[in-house]
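As C-alpha cells, the structure follows; a few thoughts come after it.
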Number of protein chains: 2
Amino acid sequence: MIIEDNDLKRSAAECNNKNSICPCGEKCPLSTAMEIIGGKWKLQILCALQIDGPIRYNDLKQKINGITNTMLSSSLKKLEADGLVRRKQYNVMPVRVEYSTTAAVDDLGPILMQLGKWASDMSRNKQAFE
Amino acid sequence: MIIEDNDLKRSAAECNNKNSICPCGEKCPLSTAMEIIGGKWKLQILCALQIDGPIRYNDLKQKINGITNTMLSSSLKKLEADGLVRRKQYNVMPVRVEYSTTAAVDDLGPILMQLGKWASDMSRNKQAFE
DNA sequence: CCGCATCCTAGAGGATACTG
DNA sequence: CAGTATCCTCTAGGATGCGG
C-alpha cells in the first residue's frame with residue numbers, strides 16, 4: 001500500500017514545533033481538540049447533554065452511570081471554560097442549575113460520528129488493510 | 001441557541017449500554033476510536049510515520065522529540081495490534097526494522113483534520129457561541 | 001440542590017540499564 | 001539496531017464528607 005500525500009501528511013508537514021500530541025506542536029489544533037474532548041467522561045457528558053439538555057445537575061448525574069460529583073463537576077467546569085457547555089443558574093431556594101451544550105457541540109457531533117464510523121469500519125476490515 | 005437533533009444525538013440515542021466513554025457503552029465505536037488514538041504519543045507517531053514512513057525504529061525515535069524507548073516501543077505495538085501500523089523486519093545483521101502506516105490511517109487523516117479545524121474555529125469564535 | 005475540599009489509589013508514562 | 005526489564009514518579013480519577 002502506497003502512502004499518499006493526504007491531509008494529515010500536509011498538515012503535519014506545515015508544522016515544526018515540538019513537545020505536543022502531534023508534530024504540529026503546542027498550538028496544533030488537533031492537540032487542542034484532544035485536550036478539550038479527552039478524559040474519561042467529557043464525551044459521555046456531551047452526549048447526555050445533547051440528548052437531554054437543558055438538564056439539572058443531579059438529573060444529569062443520574063444519566064451518566066458511575067460518575068462521581070468530583071468528576072462531573074470538574075468536567076463541566078472545563079467544558080464550560082472551553083465553550084462547549086452553558087451553565088444557567090436560577091437563584092431560587094434551593095438553587096436550580098441547568099446545563100446545556102453550545103453550538104460548538106452541534107458542529108462537533110458529525111465529526112465524532114465519522115470517527116466512530118472509521119473505528120467500526122476498521123475493526124470490520126482489519127485484515128483487509130494488512 | 002436551540003439544540004437540533006443532529007448525528008451525535010441520534011447516535012447516542014440508539015445506544016443504551018453503560019460504563020464507557022460515551023453513553024453507547026463498551027462497544028461504542030467512538031469509545032473504541034478514542035482508545036486507539038488516545039494516549040500521549042500515538043497521534044504524533046502516526047503523523048511522523050505518514051510523513052517519513054517507511055522508517056526505521058531509531059530514525060523514527062529521532063523524529064519524535066522527547067519520546068523514550070519504552071513509550072515508542074509500546075505505542076507501536078498497540079498501533080500494530082489495532083491495524084494502524086505495519087512492521088516489517090529484515091533478518092540481516094544487525095537487524096533492520098521498518099515501520100509504516102496502513103490504509104486505515106489514510107482514512108483517519110481527513111477526519112483528524114476536521115477535528116483540528118473544529119478546534120481552531122471554536123477558539124476563534126468562542127464568544128460567538130456563548 | 002449543587003458542588004467543593006480532602007485524601008487516596010491505580011496506572012500512564014519516564015529513567016536507566018541491559019541484551020539477542 | 002531494536003528493543004525489553006526494572007524501578008520510579010506523577011497525576012487523572014475515585015471515595016467520602018462537608019458547606020452555601
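Labels below follow one simple rule: chain letters A, B, ... track the order of the sequence lines, proteins then strands, and each chain is numbered from 1.
The nearest whole Å value for the distance from the CD1 atom in B/Ile37 to the C1' atom in C/dA12 is 17 Å. B/Lys40 places its NZ atom 10 Å from the P atom of D/dT11, with the value rounded to the nearest Å. In this entry the distance linking CZ of B/Arg96 with P of D/dG3 reads 13 Å, nearest Å. The nearest whole Å value for the distance from the CD atom in A/Gln62 to the C1' atom in C/dC2 is 13 Å. To the nearest angstrom, P of C/dA15 lies 11 Å from CE of B/Met71. One atom, CD1 of B/Ile67, and another, P of C/dG13, lie 10 Å apart when rounded to the nearest Å. B/Glu98 places its CD atom 16 Å from the C1' atom of D/dG3, with the value rounded to the nearest Å.
Between B/Leu60 and the options B/Leu72, B/Ile67, B/Val97, a side chain to side chain contact (heavy atoms under 4.5 Å, CB included) holds for only B/Leu72.
Here the side chains of A/Leu30 and B/Leu115 are in contact, with some heavy-atom distance below 4.5 Å. A/Met34 has its side chain within reach of B/Met34: a pair of non-hydrogen atoms, C-beta onward, lies under 4.5 Å apart.
Mapping A/Ser73 and A/Val95 onto DNA chain C by nearest heavy atom places A/Val95 closer to the 5' end of the strand. Residue whose closest nucleotide on DNA chain D sits further toward the 5' end, between A/Thr68 and B/Gln89: B/Gln89.
When each of D/dG13, C/dG13, C/dC2 is scored by its nearest atom to the side-chain atoms of A/Trp41, the top-ranked nucleotide is D/dG13.
Using a 3.5 Å distance cut-off with no hydrogens or angles, the side chains of B/Asp59 and B/Tyr99 do not pair a donor with an acceptor.
With hydrogens and angles ignored, a donor-acceptor pair under 3.5 angstrom links the side chain of A/Thr70 to the base of D/dA15.
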